[in-house]
Amino acid sequence: MQTHFTPEQLTDPGTARANEILRACVHCGFCTATCPTYQVLGDELDSPRGRIYLIKDMLENNRKPDKKTVKHIDRCLSCLACMTTCPSGVHYMHLVDHARAYIEENYDRPWSDRALRWVLAQVLPYPNRFRLALLGAKIMRPFVRFLPDPRLRAMIAMAPKMIPPVSRNDDPQTFPAQGKKMRVALMTGCAQKALNTDINDATIRLLTRLGAEVVVAEGASCCGALTHHMGKENESHAAAAKNIRAWVREMDRGLDAIVINTSGCGTTVKDYGHMFRNDPLAEDAARVSAIAMDVSEVLMKLDLPMGTSKETKVAYHAACSLQHGQQIKTYPKELLKKAGYTVLEPADSHLCCGSAGTYNLMQPEISGQLKTRKVDTLEALLPDIIAAGNIGCMMQIGSGTDVPIVHTVELLDWATGGPKPPALDSAGKSDIKVPILR
Ligand code: SF4
Ligand code: SF4
């Protein structure tokens with residue numbers, strides 16, 4: 001694609017990167033075939049190619065973002081299916097991230113949008129505030145139909161019925177390994193600590209059992225993804241900088257990997273090197289990104305025992321951030337199969353479930369349509385359990401089905417000697433069997 005940025009415009013590193021990306025696009029339109037919003041809405045401007053044109057026009061003309069452009073960029077899930085499909089290697093993620101930051105800086109949103117986005121940015125990344133908000137949502141649940149804004153109704157509906165107690169495993173500390181083979185730092189995250197403490201607990205048990213010493217680094221918390229995807233660069237960079245400093249201190253003591261069990265966060269941490277490329281923290285950020293790994297990548301390096309029974313049927317939901325953002329497509333399935341589960345995949349496994357960070361709260365209608373599709377294809381497999389590697393997908397899909405949904409690591413932990421995932425008992429599925437005969 002031809003671009004017409006002036007030399008002066010290209011002195012801005014964000015614009016220069018956008019120019020590189022735009023020039024790689026050959027407008028072939030292959031990406032439209034796998035774009036969930038194009039499939040749901042059928043509008044070219046809700047396809048990757050359409051959004052690329054809108055972004056090009058906005059940036060080239062130094063134009064204040066208009067309502068139409070913002071609407072179509074806001075409707076993008078950042079699922080990155082388009083990056084997997086694109087034959088020309090267009091880095092849509094960096095382009096849309098830049099567009100979102102540009103919009104945040106130059107567009108006057110209606111006050112209700114600004115207020116909602118401010119609340120989300122001030123609550124979700126902070127586990128204690130988020131817990132309080134979840135409690136508030138629980139109290140508001142009986143009155144949900146009286147709320148005027150569908151986004152507020154979506155927030156209340158998404159809140160879990162049970163709020164788990166705080167897990168002390170999320171505090172800074174070191175968990176010794178059984179027969180130490182490696183030392184890793186676990187990113188315990190932010191929203192996940194308020195929504196589901198079973199995932200980090202299972203990850204720590206599983207990794208230490210398989211020989212990885214696990215450290216929860218002092219000072220590390222939210223990765224910044226939630227605010228990053230809202231274009232709030234100051235907030236996202238501040239959160240990321242804290243993590244970088246915390247993990248670099250641990251790297252100086254010897255660290256083989258930074259383990260992330262929330263794939264949405266993993267995609268962002270792996271991109272810290274790019275986010276901080278013009279910052280004094282550039283070198284440290286690149287070091288952190290270089291050893292950031294999804295938990296499935298680390299588990300592939302450890303010796304997971306073989307399971308024996310194939311009785312338990314697991315429908316695996318591939319989170320977009322894992323399959324498209326990090327291009328990790330086979331590891332979770334290989335691990336589940338090795339542990340003894342029968343793994344099934346839905347027909348539309350490349351498509352987003354509509355969760356996408358805060359998307360299900362800000363675009364509830366499109367998100368709801370994607371959820372219904374995804375739940376239908378998963379339930380059609382008649383699974384005992386649904387597994388996913390991202391808390392956002394778990395909340396989204398879990399709110400639309402009675403089939404219990406757990407994190408992949410919870411099933412691997414159970415198969416190798418850990419407790420049964422609590423979600424199975426609370427879903428009344430006490431008859432599901434652990435695949436390894438112990
Ligand atoms: S598939 Fe790639 S090159 Fe083709 S239109 Fe989409 S982004 Fe552009
Ligand atoms: S990130 Fe997803 S929703 Fe956005 S343009 Fe690409 S495929 Fe479509």
Side-chain angles (χ1 to χ4, degrees), residues 1-3 17-60 65 68-103 225-226 228-231 263-264 266-268 270-271 274 317-327 329 348-371 373-374 390 392-393 396:
M1 181 183 285
Q2 276 199 334
T3 57
R17 176 70 180 133
N19 180 47
E20 271 169 28
I21 299 166
L22 289 165
R23 290 179 83 90
C25 175
V26 295
H27 4 171
C28 62
F30 287 176
C31 51
T32 56
T34 56
C35 173
T37 54
Y38 183 69
Q39 294 211 355
V40 168
L41 300 162
D43 183 339
E44 169 75 13
L45 294 180
D46 286 311
S47 77
R49 184 172 59 181
R51 292 187 176 113
I52 287 170
Y53 278 119
L54 289 172
I55 295 170
K56 175 181 184 292
D57 182 59
M58 176 176 74
L59 297 179
E60 261 185 358
K68 183 173 105 180
T69 304
V70 174
K71 178 173 96 173
H72 294 291
I73 301 300
D74 280 356
R75 281 178 175 177
C76 171
L77 294 139
S78 280
C79 70
L80 309 179
C82 47
M83 282 181 63
T84 298
T85 311
C86 177
S88 301
V90 172
H91 205 302
Y92 178 83
M93 178 173 102
H94 287 166
L95 185 66
V96 80
D97 284 350
H98 179 62
R100 290 189 203 281
Y102 183 89
I103 289 170
L226 289 167
H228 187 60
H229 292 146
M230 286 191 240
S263 59
T267 307
T268 300
K270 288 182 176 182
D271 202 42
H274 173 77
H317 164 69
C320 295
S321 40
L322 203 51
Q323 62 169 332
H324 303 306
Q326 301 181 49
Q327 293 293 312
K329 298 173 200 279
D348 64 345
S349 59
H350 63 286
L351 277 185
C352 182
C353 65
S355 165
T358 55
Y359 191 91
N360 51 2
L361 307 177
M362 295 202 278
Q363 302 282 345
E365 281 161 29
I366 306 170
S367 165
Q369 289 187 51
L370 292 169
K371 175 169 80 175
R373 273 188 186 202
K374 184 57 75 180
N390 191 46
C393 309
Q396 171 84 345

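The basis for the numbers below is simple: all heavy atoms, side chains too, and nothing from hydrogens, waters or symmetry mates. Read the numbers this way: they start at 1 and go in the same order the structure lists the ligands and their atoms.
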* Which of the numbered atoms in ligand 2 are below 4.0 angstrom from a heavy atom of L80? ->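 Reading through ligand 2 atom by atom, the close ones are 1 (S), 2 (Fe).
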* To do: Tell me which part of M83 gets within contact of ligand 2: side chain, backbone, both or neither, using heavy atoms under 4.0 Å.
  =>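 The answer is neither.
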* Measure S78 to ligand 2 on non-hydrogen atoms and call it side chain, backbone, both or neither using the 4.0 Å cut-off. =>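 The answer is the backbone of S78.
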* Asked: For Q369, what residues pass the side chain to side chain donor-acceptor pair (under 3.5 Å) criterion, not counting sequence neighbours?
  ->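 Here no residue qualifies.
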* To do: Could I get the full list of side chain to side chain donor-acceptor pair (under 3.5 Å) partners for T268, not counting sequence neighbours?
  =>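 With sequence neighbours excluded, T268 shows a side chain to side chain donor-acceptor pair (under 3.5 Å) to no residue whatsoever.
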* Within the distance-only criterion (no hydrogens, no angle test), does the side chain of R100 pair as donor or acceptor with the backbone N or O of I73 below 3.5 angstrom? ->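 Judged by distance alone, yes, a pair lies under 3.5 Å.
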* Asked: Counting distance only, does the side-chain N/O of Q396 pair as donor-acceptor with the main-chain N or O of C353 below 3.5 Å?
  ->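 A pair under 3.5 Å: yes.
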* Asked: How many protein atoms of type N/O/S are positioned less than 2.8 Å from atom 2 (Fe) of ligand 1?
  ->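 Excluding waters, the total comes to 1.
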Can you tell me which residue and heavy atom of the protein come closest to [atom], and the distance to 0.1 Å?
{"atom": "atom 4 (Fe) of ligand 2", "value": "C76 SG, 2.4 Å"}
{"atom": "atom 8 (Fe) of ligand 2", "value": "C35 SG, 2.4 Å"}
{"atom": "atom 2 (Fe) of ligand 2", "value": "C79 SG, 2.3 Å"}
{"atom": "atom 5 (S) of ligand 2", "value": "R51 NH1, 3.1 Å"}
{"atom": "atom 3 (S) of ligand 2", "value": "L77 N, 3.4 Å"}

Give a yes-or-no answer on whether the side chains of [X] and [Y] include a donor-acceptor pair shorter than 3.5 Å.
{"X": "Q39", "Y": "R373", "result": "yes"}
{"X": "H228", "Y": "D271", "result": "no"}
{"X": "T84", "Y": "H324", "result": "yes"}
{"X": "Q326", "Y": "S321", "result": "no"}

* Distance filter under 4.0 Å to G29 heavy atoms, resulting ligand 1 atoms ->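 In order of number, 4 (Fe), 5 (S).
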* Asked: Which atoms of ligand 1 have any heavy atom of I52 under 4.0 Å away?
  ->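 Matching atoms, with element in brackets: 7 (S).
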* To do: Supply the atom-to-atom distance T69 OG1 to L45 CG, rounded to the nearest 0.5 angstrom.
  =>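 If we round to the nearest 0.5 Å, T69:OG1 and L45:CG are 8.5 Å apart.
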* Write out all pairs satisfying side chain to side chain donor-acceptor pair (under 3.5 Å) with one or both partners inside residues 46-59, taking only residues at least two apart or from two chains. =>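 Sorted result for residues 46-59: H27-Y53, T37-R51, E44-R49, D46-R51, D46-H72, D46-R75, K56-E60, D57-N61, D57-R63.
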* Asked: According to the interplanar angle, ranging from 0 to 90°, do the rings of H91 and H94 count as parallel (below 30°), tilted (30 to 60°) or perpendicular (above 60°)?
  ->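 Rings of H91 and H94: parallel, under 30°.
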